[in-house]
Amino acid sequence: MSLPDRLLVVTDRHQAPRDLIDVVAAALAGGARWIWFRDRDLAAGERRDIARRLRDLTRIYDAVLTIGGDAGLAVEVGTPAVHLSSIDDIGAARALLGADALIGFSAHNEAEVQAAKAAGADYATLSPIFLTASKPGYGPALGTATLQRVRAIGLPVIALGGITSDRAPACLAAGAAGVAVMGDVMRAEDPEAVVLRFRAALDRPLTAS
């Protein structure tokens, strides 16, 4: 399955200076077409409500909404896309969501990327590529050299962790299928402008790495 976009915007309402829905709306207006609703510390009812609002919003922009860690919620809100943190959940999510669902996995090393492919994931995020303020302590940074090595595995990898618009082209050049961004968008006073910068960076011609 092809990925929805080369830019994956990851939510974290704790970093956002205003309502999460408003931040995502601004990101979509800037050209984001793939949103990962990650906030898993919400009460079930509140998370369901926000997921439905994000589903409606992403549909306006013909964007894809991925639900973090809950295939059942993805079914409930009608978005066949989920991102998981346990290899053991991939098969169950596929059975629940179907062969055409988009299933991602959070990997932190090459072995986990390989395991995600074997389990049937469509892609993996790999982090942290750079040190990041959003998730301190998730080091050491893997660097773009790791992105070069995992290309041979054959699973699309999304670079995550400390990704800025300046660093995004180097990640693509190293073999990443795309980049995932949390803090730069979530903390921004103008998320639309930040996404526009990422779009411009990702559209630059790649240089060989």
Side-chain angles (χ1 to χ4, degrees), residues 1-12 32-41 47 51 54-55 58 62-130 132 134-135 138-139 141-163 168 171-182 185 198 202:
M1 169 180 287
S2 60
L3 298 183
D5 197 10
R6 293 195 293 182
L7 177 63
L8 172 57
V9 174
V10 188
T11 70
D12 182 356
R33 292 298 177 265
W34 188 9
I35 307 295
W36 170 6
F37 177 39
R38 188 179 181 278
D39 299 63
R40 295 184 62 183
D41 59 334
R47 192 165 196 248
L54 290 175
R55 173 205 61 197
T58 51
D62 196 25
V64 171
L65 175 65
T66 285
I67 302 295
D70 191 339
L73 180 58
V75 170
E76 187 172 349
V77 302
T79 178
V82 67
H83 193 99
L84 304 168
S85 58
S86 171
I87 289 290
D88 294 338
D89 291 339
I90 292 174
R94 181 68 69 195
L96 183 63
L97 294 171
D100 295 331
L102 179 68
I103 298 178
F105 176 75
S106 293
H108 302 286
N109 54 54
E110 296 169 62
E112 290 181 348
V113 174
Q114 184 68 64
K117 181 185 179 183
D122 295 297
Y123 70 94
T125 54
L126 181 62
S127 67
I129 301 302
F130 306 101
T132 170
S134 296
K135 295 292 178 181
Y138 275 67
L142 299 172
T144 56
T146 304
L147 293 173
Q148 292 176 322
R149 289 194 298 271
V150 299
R151 281 190 293 194
I153 295 173
L155 182 71
V157 166
I158 304 294
L160 171 63
I163 307 298
C171 293
L172 296 186
V179 299
V181 184
M182 180 190 288
V185 173
F198 270 95
L202 292 168

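Values in this document were obtained by computation on a predicted structure and should not be read as measured data.
Distance check: I163 CD1 to L8 CG gives 11.5 Å after rounding to the nearest 0.5 Å. A distance of 6.0 Å separates CG in L65 from CG in L54, rounded to the nearest 0.5 Å. To the nearest 0.5 Å, atoms CZ (R38) and OG1 (T66) are separated by 13.5 Å.
A cation-pi geometry, defined here as NZ or CZ lying under 6.0 Å from the six-membered ring centre and within 45° of its normal, does not hold between R55 and F37.
Sorted by first then second residue, the salt bridge (Lys or Arg N to Asp or Glu O under 4.0 Å) pairs that include residues 81-93, not counting sequence neighbours, number zero.
Nearest approach of A121 to L155, heavy atoms of both residues: O-CD1, 3.3 Å. S127 and L142 get closest at one heavy-atom pair: O-CD1, 3.7 Å. For the pair I153 and K117, the tightest heavy-atom approach, listed with the atom from each and the gap, is O-NZ, 2.7 Å. Nearest heavy-atom pair across T125 and S106 is OG1-CA, 3.4 Å. Of all non-hydrogen atoms in A180 and I158, the two that sit nearest each other are N-CG2, 3.4 Å.
Residues satisfying the side chain to side chain contact (heavy atoms under 4.5 Å, CB included) criterion with A74, sequence neighbours excluded, are I67, T79, L97. Taking the side chain to side chain contact (heavy atoms under 4.5 Å, CB included) definition, one finds that I87 meets it with I90, F105, A115, A116, A119, sequence neighbours left out. Shown here are the ring pair (Phe, Tyr, Trp, His ring centres under 6.0 Å) partners of Y123, two or more places apart in sequence or in another chain: W34, H83. With sequence neighbours left out, the salt bridge (Lys or Arg N to Asp or Glu O under 4.0 Å) criterion links E76 to R48, R52. Partners of A145 under the side chain to side chain contact (heavy atoms under 4.5 Å, CB included) rule, at least two apart in sequence or in another chain, are Q148, R149. Partners of D41 under the salt bridge (Lys or Arg N to Asp or Glu O under 4.0 Å) rule, at least two apart in sequence or in another chain, are R13.
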L160 vs I129, test: side chain to side chain contact (heavy atoms under 4.5 Å, CB included). Steps then yes/no. CA-CA 6 Å; L160 171 63; I129 301 302; 5.7 Å; no
Derivation and outcome, side chain to side chain contact (heavy atoms under 4.5 Å, CB included), residues V179 and L202: CA-CA 9 Å; V179 299; L202 292 168; 4.1 Å; yes
V82 and D70: side chain to side chain contact (heavy atoms under 4.5 Å, CB included), yes or no, with the steps? CA-CA 7 Å; V82 67; D70 191 339; 5.7 Å; no
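Contact of the S85 side chain with the R40 side chain is registered, since non-hydrogen atoms from C-beta on lie closer than 4.5 Å. T58 places none of its side-chain heavy atoms less than 4.5 Å from the side chain of V64. Considering only heavy atoms from C-beta on, T144 comes within 4.5 Å of F130 through its side chain. Residues P4 and L102 are in side-chain contact: their nearest non-hydrogen atoms beyond the backbone lie under 4.5 Å apart. The side-chain heavy atoms of L7 and V181, taken from C-beta on, include a pair separated by under 4.5 Å. For the pair L126/T146, a side-chain contact is recorded, criterion being any heavy-atom separation below 4.5 Å from C-beta on.
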Side-chain atoms of residues 171-178: list all donor-acceptor pairs with protein atoms under 3.5 Å, sequence neighbours left out, distances to 0.1 Å.
none

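Salt bridge annotation for R94-D122: present, with a cationic side-chain nitrogen under 4.0 angstrom from a carboxylate oxygen.
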